[in-house]
Amino acid sequence: MQPDTTPAPAGKTLPANEAMLSVRGMKKVYKTDGGDIEAVRNLTFDLRAGELACLVGPSGSGKTTLLKCIAGLMAPTEGEVLLNGTKVVGPPKKMAVVFQEYGRSLFPWMRVRENVELPLKNQGVPKAERDRLVDDALEAVGLAHVPQSYPWQLSGGMQQRVAIARAVAYQPEVLLMDEPFAAVDAQTRADLEDLIRTVWKKLGVTVLFVTHDIDESVYLGQRVIILSSSPTVIQEDLDIDLPDERDQLNTRALPRFTELRHHVYEQIQLAKAGHRPAAATQA
Amino acid sequence: MKVLKGIGYALALPVILVLIWWASTLGETNFFVPTPGVLAEKFAETWFGERILSDVLPSIGRLIVGVVSAIIIGIVAGLLIGSFKWLRDLTEPVLEFFRAIPPPVLVPVLMLLMGITDGMKVVVIISGCVWPVLLNTIEGVRAIDGVLSDSAHTYGIGGWARVKYLVLPSAGPQIMAGVRQCLSIGLILMVISEMFASSSGLGFTIVQFQRSFAIPEMWSGIVVLGLIGVAMSFIFQFTERRILRWYHGLREVENAA
Ligand SMILES: Nc1ncnc2c1ncn2[C@@H]1O[C@H](COP(=O)(O)OP(=O)(O)OP(=O)(O)O)[C@@H](O)[C@H]1O
Ligand SMILES: [Mg+2]
């Protein structure tokens, strides 16, 4: 392999004591029988405590790979992930992940309520508090009426909402979400977007939200991190300077919203066309 | 009403078969072919006496002890072997070797080592019954869904909680398939373990009748074996429906889609 000497086109970084989550020079190469697959080349960025950042990028650009490394489910090939200054080597406590494959992330032998309750029970949260957290979470995702159903009796969108309820009830400090709304209808999706913002504000949780949907990334995030196509680097790390109070109708009607989504759209088109950010092309 | 209908369906075919048997043995004189009447009579006479205590119950007891031990050993060992790759690599050749040995050939060997004891018979049953449970458990544990496993991992579900909430239920359908095979092998081995040099038990008694040309009694013994088999199958199905309710529901939904 030739040495990679290109400077990393970095995302935004913070002084060490201000960062909640730091991704430093992360590279991930999958070793397979068919040869090595470089899913992620070099990613560096920080998330402040309580920040809500969206991650967009073309399909196959390594978004899920990045999330799994942050969640401590895989070790990066190079570089590291730090949570509160400590290197992540396994799934950290106080971190919840909502996976892309909603149909495979819930326990099919447990009812909806038991699924949401299990992580709390496992942590030894007392029954009364557990009940309250589970009820609140199910209520919040609009599933208070199906606690006794099995996940496979629900539609795809409902299953994903159960997975979200499970993450919310867990009260994490960091919440990672991998295209959680892909299977949800437009109306529910809008409701859930607002739910995420509400939960984020209420719990002060740090959120990294992966999505395919450009509008969604601009509407939700305080910041949008755009990934290039593979081999993946950060194409752009964009601040979303929209007012903090967001509203499905009014925010989306703002001229600034349109500008921002236009910008993100262009960047993604460039990424898909194989254009590399300036720093990555100079060798 | 539904229950009555179910019972009706379950009994219809046996009743028809007995009727056919009765009709075709009317006026039968062959000594080796019993008529239903004679068989029923001999059945009551032979088995509703002290044989229940001296032969039937001890056999059933050994069968239960053997099968239950085999299930427990199979599941525990299967969980361990399925969970650790190094253990799998280590044990695979040995397991294949032992699995290839037909348990009946062990009877004389074990007889020499352990004597003609209950322990020997139970060991024969275990040595044959453990394999389907063990191998199915290993497969079931290995087939756990990666995303589900990741979910459990991120929520800090590890150790015993992982076994209880993730591994066992997930491997459940496979394990139950193994248990089903284990039950039928168990019944066969129960009989075989009593056929050599025993002095009591169902298998011994049936062979004894055969040797003394007590043909209707021999047939009635075979009926007892059949009835034990049916009872085991009912208990199994009842338990399986209960434990794997989610699985059957899931399958139904998937098939409907
Ligand atoms: N377990 C694996 N083994 C080998 N290659 C993998 C593995 N997982 C992902 N890849 C490869 O790594 C690259 C990035 O995959 P990843 O799933 O992270 O992309 P993604 O951005 O999440 O895509 P999508 O938007 O479609 O979900 C792809 O080329 C994929 O084929
Ligand atoms: Mg993905």
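What you see is a predicted model, and the numbers here were worked out from it, not measured in a lab.
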Measuring heavy-atom distances to chain A, does Leu244(B) have an atom under 4.5 Å in its side chain, in its backbone, in both, or in neither? neither

Please confirm whether Lys28(A) makes a cation-pi placement over Tyr30(A), using NZ or CZ under 6.0 Å from the six-membered ring centre and within 45° of the ring normal. yes

Test of understanding: with side-chain hydrogen bond (donor to acceptor under 3.5 Å, both in side chains), list the residues that count as partners of Arg241(B), not counting sequence neighbours. none

So which bits of residues 105-136 of chain A come within less than 4.5 Å of chain B, counting non-hydrogen atoms only? Ser105(A), Leu106(A), Phe107(A), Pro108(A), Trp109(A), Met110(A), Leu118(A), Pro119(A), Lys121(A), Asn122(A)

Chain A contact via Asp145(B) - side chain, backbone, both or neither, heavy atoms under 4.5 Å: side chain

From the list Ala163(A), Pro172(A), Pro151(A), Ala167(A), the residue making the most non-hydrogen contacts under 4.5 Å with chain B is Ala167(A)

Can you tell which of Ile157(B), Leu148(B), Thr154(B) has the highest number of heavy-atom pairs within less than 4.5 Å of chain A? Leu148(B)

Are Glu216(A) and Val56(A) close enough, and set up right, to give a side chain to side chain contact (heavy atoms under 4.5 Å, CB included), and what steps lead you there? CA-CA 10 Å; Glu216(A) 183 168 84; Val56(A) 292; over 6 Å; no

Tell me the closest heavy-atom pair linking Thr232(A) and Gly62(A), and the distance in Å. OG1-N, 4.4 Å

Does any backbone or side-chain atom of Ser149(B) lie under 4.5 Å from a heavy atom of chain A? Answer side chain, backbone, both or neither. neither

Is the side chain of Glu194(B) donor-acceptor paired with the backbone N or O of Leu202(B) at a distance under 3.5 Å, no angle test? yes

Could you tell me whether Glu51(A) and Arg223(A) have a side-chain N and a carboxylate O separated by less than 4.0 Å? yes

Which of parallel (below 30°), tilted (30 to 60°) and perpendicular (above 60°) describes Phe84(B) and Trp86(B)? tilted

Tell me if a side-chain donor or acceptor on Ser233(B) pairs with a main-chain N or O of Gly229(B) at a distance below 3.5 Å. no

Side chain, backbone, both or neither: which part of Lys68(A) has a heavy atom under 4.5 Å from chain B? side chain

Could you tell me whether Glu240(B) and Arg180(B) make a salt bridge, using a distance below 4.0 angstrom between a side-chain N and a carboxylate O? no

